[in-house]
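Chain letters run A, B, ... following the sequence lines, proteins first and then strands; every chain starts at 1. From a predicted model like this one, the values you see are computed outputs, not experimental measurements. Every heavy atom of this structure was used, including side-chain atoms; hydrogens, water molecules and symmetry mates were not.
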Amino acid sequence: MFALLDGNNFYVSCERVFRPSLHGRPVIVLSNNDGCAIARSNEAKALGIRMGTPFHEVRARLPEAGVVALSANYPLYGDMSNRLMALAAGLGPRQEIYSIDECFVDMQGLGGDLRDRALRLRERITQWIGLPCSIGIGPTKTLAKLANHVAKEAERRPGSPYPAELGGVCDLGRLPAGVAVGDLLAATPVGELWGIGRQLSAQLQAEGLRTALALARADAAALRRRFGVAVERTVRELQGCACIALEDEPAARQEVSCTRAFGQPVTTLAPLVEAVSEYAARAAFKLRRQASKAAQVLVFIHTNPFRRSDRQYARSATIPLRRPSADTGTIADAALRGLRAIWRPDYRIHKAGVILLELQDASLVQGELAMEGEAAWAGADRLMLAMDGLNDRYGRGTVQLASAGLGGEARSWSMKQQWRTPQYTTRWEDLPVARA
DNA sequence: TCTGGGGTCCTAGGACCC
DNA sequence: TCTGGGGTCCTAGGACCC
């Protein structure tokens, strides 16, 4: 038996914990560069602001509707996520942290009533950290996801076809009297299912498969031939056959990247060198944090594809490293070589990124070092250790590459974040002050 | 004027080999 | 006109997730 727990409107809810005046108001949180709405409060959803809506499309009508727009504050959300996950782990013996605001919990072998257990845990989360959440329980991950969707929608939209009395927890094994699992499946559009996105949803609907129930009753083998193995798995999971296991040991990433759109277009090489240096350094840091090394560095730049009137340009270069590395200098050097090879003047560059590929465990690589110049390579590792230590202790950017520029507002390429809230829980200077 | 970032998996098709 | 068959590996692109 699986549970899926996730935070409701997670980023907005994190902001509300520290600014209670935002409760009851329409609130949206924007993506990097204040580009799109990536989280909406229920009130904002009710106004018809959809996930991913470009901010400039709705901006003009926000004041009239009383909508508060905030820039994304990832340090805050990450810290709140850690607190949420620590409490959610109490739901059962094994936990898979699936994203910043969701986790699966294996409830196999637990005694007692699972629904009651989930209701108590949800209450504790509200009380201890002030985040609203929903919990779905079912025999497969896909059904737990669906149950979670039911719990959330039932609470958010009183007029929805789902039972109103769930209280934020939907256990498919213990539904309200008179409600069957088939009723919930029949009321759920196929596009709401985990693994069915826009394209598949349109194709399945064209075949007459409009609801989760229709899909659950379909011939899994026939659908595999038409739509591939992923859809077959979804069908079997809906039928109650668990095909997707809980992964409580997170696997090391196979690639690590840092990519950003710029606050304004860039036409010269110098700011690109700064940006790519910084992205390379950040990607290398992520690499060290997961104890990996990379054998290839990919760097890309491109113009703004939404600006049809601009001449478009998109190139990438993949640079193999002489030996796998997690050294900021080595990786930045490779990225800059790639950048110089692909950069052309006369284009308005809108975005750049560094992606580290062919990752391997750092400990595997060390065996080869004795072959040549071991001392020098161990020295590079020690330098990185020292740099990460200083940046951890005194704050990000304390020690950095000279090529990344001297920072400050002089960096014309920095992203826009006009409405960023304080890092209440992760920066001493931003600690909230309580008054008696 | 203004449109995110960071991932994973699957499939089709080409290159290559015997 | 006619030109094997089968297997593996790699890559690019598409679809999905949050």
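- In this structure, A/Y98 atom OH and C/dC17 atom P are separated by 8 Å, rounded to whole Å.
- Of the possible polar contacts, one joining the A/Q290 side chain to the A/R253 backbone as a donor-acceptor pair under 3.5 Å is found.
- Aromatic ring centres of A/W194 and A/F104 lie closer together than 6.0 Å.
- Judged by the 6.0 Å and 45° rule, A/R315 forms no cation-pi pair with A/F300.
- Note on A/L193: only backbone sugar-phosphate atoms sit closer than 4.0 angstrom, heavy atoms only; bases stay farther off.
- Between A/D34 atom CG and A/R59 atom CZ the span is 8.0 Å, to the nearest 0.5 Å.
- At a threshold of 4.0 angstrom between heavy atoms, the contacts of A/I196 are confined to the sugar-phosphate backbone, with no base atom among them.
- Contact annotation for A/L30: no contact, since no heavy-atom pair falls under 4.0 Å across all strands.
- Shown for residues 134-155 of chain A: no residue has heavy atoms falling under 4.0 angstrom of DNA chain B.
- Separating the CD1 atom in A/I349 from the CG atom in A/L339 is a distance of 9.0 Å, to the nearest 0.5 Å.
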Determine, for nucleotides 1-14 of chain B in 5'-to-3' order, which nucleotides have protein heavy atoms under 4.0 Å from the base (write B), from only the sugar-phosphate (write S), or from neither (write -). SBBSSSSSSSS---
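- Here the P atom of nucleotide C/dC18 and the CG atom of A/D6 are 9 Å apart, to the nearest Å.
- Using C1' as the reference atom, B/dC17 and C/dG4 are 14 Å apart when rounded to the nearest Å.
- Taking five base pairs at each end of the helix from B/dG5-C/dC18 to B/dC18-C/dG5 and finding the rotation axis that steps the C1' atoms of four pairs onto the next four gives two axes whose angle is 10°, to the nearest 10°.
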Test side-chain hydrogen bond (donor to acceptor under 3.5 Å, both in side chains) applied to A/E274 and A/W413, step by step: CA-CA 9 Å; A/E274 285 189 8; A/W413 48 274; 3.1 Å; yes
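- Using modelled atom types and a 3.5 Å distance limit, the side chains of A/N8 and A/S134 yield a donor-acceptor pair.
- The closest donor-acceptor contact from the side chain of A/S277 to the backbone of A/V273 lies under 3.5 Å.
- Atom CG in A/N9 sits roughly 14 Å away from atom P in C/dC18 (whole-Å rounding).
- Side-chain N or O atoms of A/T330 include none that pairs as donor or acceptor with a backbone N or O of A/A326 at under 3.5 Å.
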Evaluate A/L209 against A/Q205 for side-chain contact (heavy atoms from CB on, under 4.5 Å), listing each step before the verdict. CA-CA 5 Å; A/L209 300 168; A/Q205 287 186 57; over 6 Å; no
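- Between A/F262 and A/Y279, the ring-plane angle classifies as parallel under the 30° and 60° cut-offs.
- Remark: C1' of C/dC17 and CD of A/E96 are 12 Å apart, rounded to the nearest angstrom.
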